[in-house]
2 protein chains.
Amino acid sequence: MYRTIEWLDDSNKVRLVDQLKLPLETDWIVTDSHERMAKAIKIMEIRGAPAIGAAAGMGMALAAIESKAISKDELITFLEKAAATLNTRPTAVNLTWATARMLGVAKATEGTAEEIVKVLIEEGKEIAEEDVCMCRSLGEHALEVIKPGYTIQTICNAGSLATVYWGTVGAVVRVAHEKYNGDIKVYAAETRPRQQGAKLTVYEFMEDGIDTTLITDGMIGTVFREGRVDCCVVGADRILRTGHVINKIGTYTMAITAKYHNIPFYSVAPISTVDMVTDPEDVVIEERDPDEIRVINGKPVTVPTAKVYNPAFDMTPPELVTAIITDKGVVKSPTEEKMRAMYDK
Amino acid sequence: MYRTIEWLDDSNKVRLVDQLKLPLETDWIVTDSHERMAKAIKIMEIRGAPAIGAAAGMGMALAAIESKAISKDELITFLEKAAATLNTRPTAVNLTWATARMLGVAKATEGTAEEIVKVLIEEGKEIAEEDVCMCRSLGEHALEVIKPGYTIQTICNAGSLATVYWGTVGAVVRVAHEKYNGDIKVYAAETRPRQQGAKLTVYEFMEDGIDTTLITDGMIGTVFREGRVDCCVVGADRILRTGHVINKIGTYTMAITAKYHNIPFYSVAPISTVDMVTDPEDVVIEERDPDEIRVINGKPVTVPTAKVYNPAFDMTPPELVTAIITDKGVVKSPTEEKMRAMYDK
């Protein structure tokens, strides 16, 4: 295991693993440019809500250095533009959360521009550190529902590659694997169109010696009916105060299929992923490039001009969610009241 | 539109379109060898239950010619071996049905080996002709449930490329399109791992000017929740007397998801696809090569040694099936009693 994203103190640059090249090649991007970070987020060289949060935080710190501002006002103006540049993906609440946090710190800090820049660098690193601790905590809390011998169905990648280190679903699997002497297995759905399950989840769990089986997204019905898994554990790009879970496309179909087979369905995410403001009907789901579906490995898999519908996420209503696992604890049968209590804890 | 498989009278060869090269190239296989036909079935140059039936029938006719038998006994012995050679896929009932039919005709026909060979050639062609008529009849019967303006969700390819000419789902869509002056739309699920939805269904409906949208298999939940489709119409590789539908992997997950959204779910197939003998628990589901999942367009999409589960079909129980549409009529809320009545009609 390695850190997905890391601040390099020696050079004040950020190093991140290029996830577009995994699993066949482990290559690194090293940059001192917040615009390069914005690009990395946009084209998904880095992805996964918590990792994006850290990337946005460190991106703001890079922007602070790049600004070469001589006054606090000048710095703030530059940072506000940088925040807009970094907000390249509409659904990921961690992006806006991290950029707003960095801006808030900049505004609240007294001192010269140079002093504020130093504070912002520490704050960017702190966002990453908090993620490491939070994820471990998620994994510990999940032991309440994950038992020895369980086989866990996942979708997409909410493993270490989606965060700074442990992962969210990754922490659940790894902490259980550690506590139960390896007696945990995983089924990973490949997660079309971008196949993060096949590319990333299988890669990182195999690296850690965890027994992992890859399936296509349409196989979940058969896998559930045959009793091959004990529960579903999925990440979340955003969780609403109502208990609605916004996650990678395919999650909602999985939740319906799990419910039909009475298989528990858990969503796991840091409390920072919870959006206490937005109503379910106001959520904007990002639609992505049709060629994500039409082209694989550089070649078309359909008529090149085929009409495509390509929503990147879906929303699972709380009646399909057995529990939400956060770093603050487990919310069973989530309701607005219970979510608020956990959020305010 | 063209015939997927055709007997060439001039040369006594069989011509079939190479479906592995579609949709980017329309290429033809022309053969006089039943072993080449067996290979075409096995590696899925031809696929789809009714097309496989015609291929097996014509394959038996080719074998009859190849045998160069001088006695009826010699011919029968050769044909029995050929039937075993052609039965390369365990789940497709049309394979065993067609080879058994050809063997039965051979045994029942009086005359010289040469005379019987001629009868078998006509019988092989007749199997194909019956499919053309049956499929048209399926499409006509489906008008009972398919209304003008409907958008139809499909999976895999049960279009013309799965049959000799019309298709099963293809006939439903095309007959409705013809009767309703083009007021029919289609959503095609890509159908991993082999992507027959993306490769074949999108291709053939676009060729016919039918408004078709491609989605990934995991998107069905969102498509259904957003009210984008009015019903699901899927083919069947086998339908049991109990109303269980065995079809391409992903069908069962789609049926569960349709039920959750109160969207009607129809399975359409010739009556020859109905297996009145086998019990649901005795159905053998073919498991295919793990590299169907691990490799796309010649390149790995996961760790090359990843463990994979790759069942080719799944089984949808009758409680999820709104109706079964056959060339003999529509069976709503299928039960063993209703299926038997339709079968004996």
Side-chain angles (χ1 to χ4, degrees), chain A residues 23-24 155 187-193 195 197-199 202-203 206 211-225 228 248-257 259-261 285 290 293-294 296-311 313-316, chain B residues 23-24 155 187-193 195 197-199 202-203 206 211-225 228 248-257 259-261 285 290 293-294 296-311 313-316:
Chain A
L24 300 179
I155 188 169
Y187 269 70
E190 65 168 342
T191 320
R192 281 281 287 146
Q195 301 185 283
K199 286 182 180 164
V202 167
Y203 162 80
M206 279 178 79
D211 184 339
T212 304
T213 303
L214 175 65
I215 60 168
T216 67
D217 305 324
M219 288 175 190
I220 48 173
T222 292
V223 165
F224 293 178
R225 194 182 59 81
R228 288 171 181 264
K248 182 58 53 194
I249 191 75
T251 303
Y252 174 52
T253 302
M254 183 178 282
I256 293 165
T257 308
K259 182 84 168 181
Y260 184 78
H261 295 90
I285 299 289
I293 296 181
R294 292 187 298 213
I296 305 182
N297 280 341
K299 282 193 211 165
V301 289
T302 186
V303 181
T305 56
K307 188 157 97 175
V308 162
Y309 178 49
N310 186 18
F313 302 94
D314 58 27
M315 185 160 64
T316 299
Chain B
L24 300 178
I155 187 169
Y187 269 70
E190 65 167 344
T191 320
R192 281 280 289 146
Q195 300 184 286
K199 286 183 178 162
V202 167
Y203 162 80
M206 280 179 77
D211 184 338
T212 304
T213 302
L214 175 64
I215 60 168
T216 66
D217 306 323
M219 287 174 190
I220 49 173
T222 292
V223 164
F224 293 177
R225 193 183 58 82
R228 288 171 179 263
K248 182 58 51 193
I249 191 77
T251 303
Y252 173 52
T253 303
M254 183 179 283
I256 293 165
T257 309
K259 182 85 169 182
Y260 183 78
H261 295 90
I285 298 289
I293 297 181
R294 293 187 297 214
I296 304 181
N297 280 340
K299 281 193 213 165
V301 289
T302 186
V303 182
T305 54
K307 186 157 96 174
V308 163
Y309 178 49
N310 185 18
F313 302 93
D314 58 28
M315 185 160 64
T316 299

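Heavy atoms only: backbone and side chains are in, while hydrogens, waters and symmetry mates are out.
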Requested in this report: May I ask you to establish whether Arg228(B) and Tyr187(B) are in a cation-pi arrangement, using a distance under 6.0 Å from NZ or CZ to the six-membered ring centre and at most 45° from the ring axis?
Outcome: no
Query raised in the report: Non-hydrogen atoms of chain B under 4.5 Å away: do they reach the side chain of Met206(A), the backbone, both or neither?
Result: side chain
Measure [X] against the heavy atoms of chain A and call it side chain, backbone, both or neither at under 4.5 Å.
X	value
Pro304(B)	side chain
Tyr252(B)	side chain
Thr305(B)	both
Thr212(B)	backbone
Leu24(B)	side chain

Pick from [options] with the largest number of heavy-atom pairs that fall under 4.5 Å of chain B:
options	result
Phe313(A), Tyr260(A), Tyr203(A)	Tyr260(A)
Thr222(A), Val223(A), Asn310(A), Ile285(A)	Thr222(A)
Thr257(A), Leu214(A), Ile155(A), Thr251(A)	Leu214(A)
Arg294(A), Lys199(A), Met219(A)	Met219(A)

Report task. May I ask you to say whether Arg225(B) pairs ionically with Asp314(A), meaning some side-chain N is under 4.0 Å from a carboxylate O? Result ->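 Answer for the salt bridge query: no.
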Requested in this report: Would you confirm whether Asp217(B), through its side chain, and Gly218(A), through its main-chain N or O, come within 3.5 Å as a donor-acceptor pair?
Outcome: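 Between the backbone of Gly218(A) and the side chain of Asp217(B) there is no qualifying donor-acceptor contact (under 3.5 Å).
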How about [X] and [Y]: do any of their side-chain heavy atoms sit closer than 4.5 Å?
X	Y	result
Lys248(A)	Thr191(A)	yes
Ile296(B)	Pro193(B)	no
Thr302(B)	Glu190(A)	no

Query - Between Thr216(B), Val202(B), Thr316(B), Asp211(B), the one whose heavy-atom pairs under 4.5 Å with chain A are most numerous - result: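 Highest number of pairs under 4.5 Å: Thr216(B).
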Query - Max heavy-atom pair count under 4.5 Å with chain A, selected residue of Met254(B), Lys307(B), Met315(B) - result: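 Most pairs with chain A among the choices: Lys307(B).
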Requested in this report: Could you tell me the separation between the OG1 atom of Thr253(A) and the CZ atom of Phe224(B), rounded to the nearest 0.5 Å?
Outcome: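 One finds 8.0 Å between OG1 of Thr253(A) and CZ of Phe224(B).
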**Report entry** Worked check of side-chain contact (heavy atoms from CB on, under 4.5 Å) between Ile256(B) and Ile256(A)
**Finding:** CA-CA 7 Å; Ile256(B) 293 165; Ile256(A) 293 165; 4.1 Å; yes
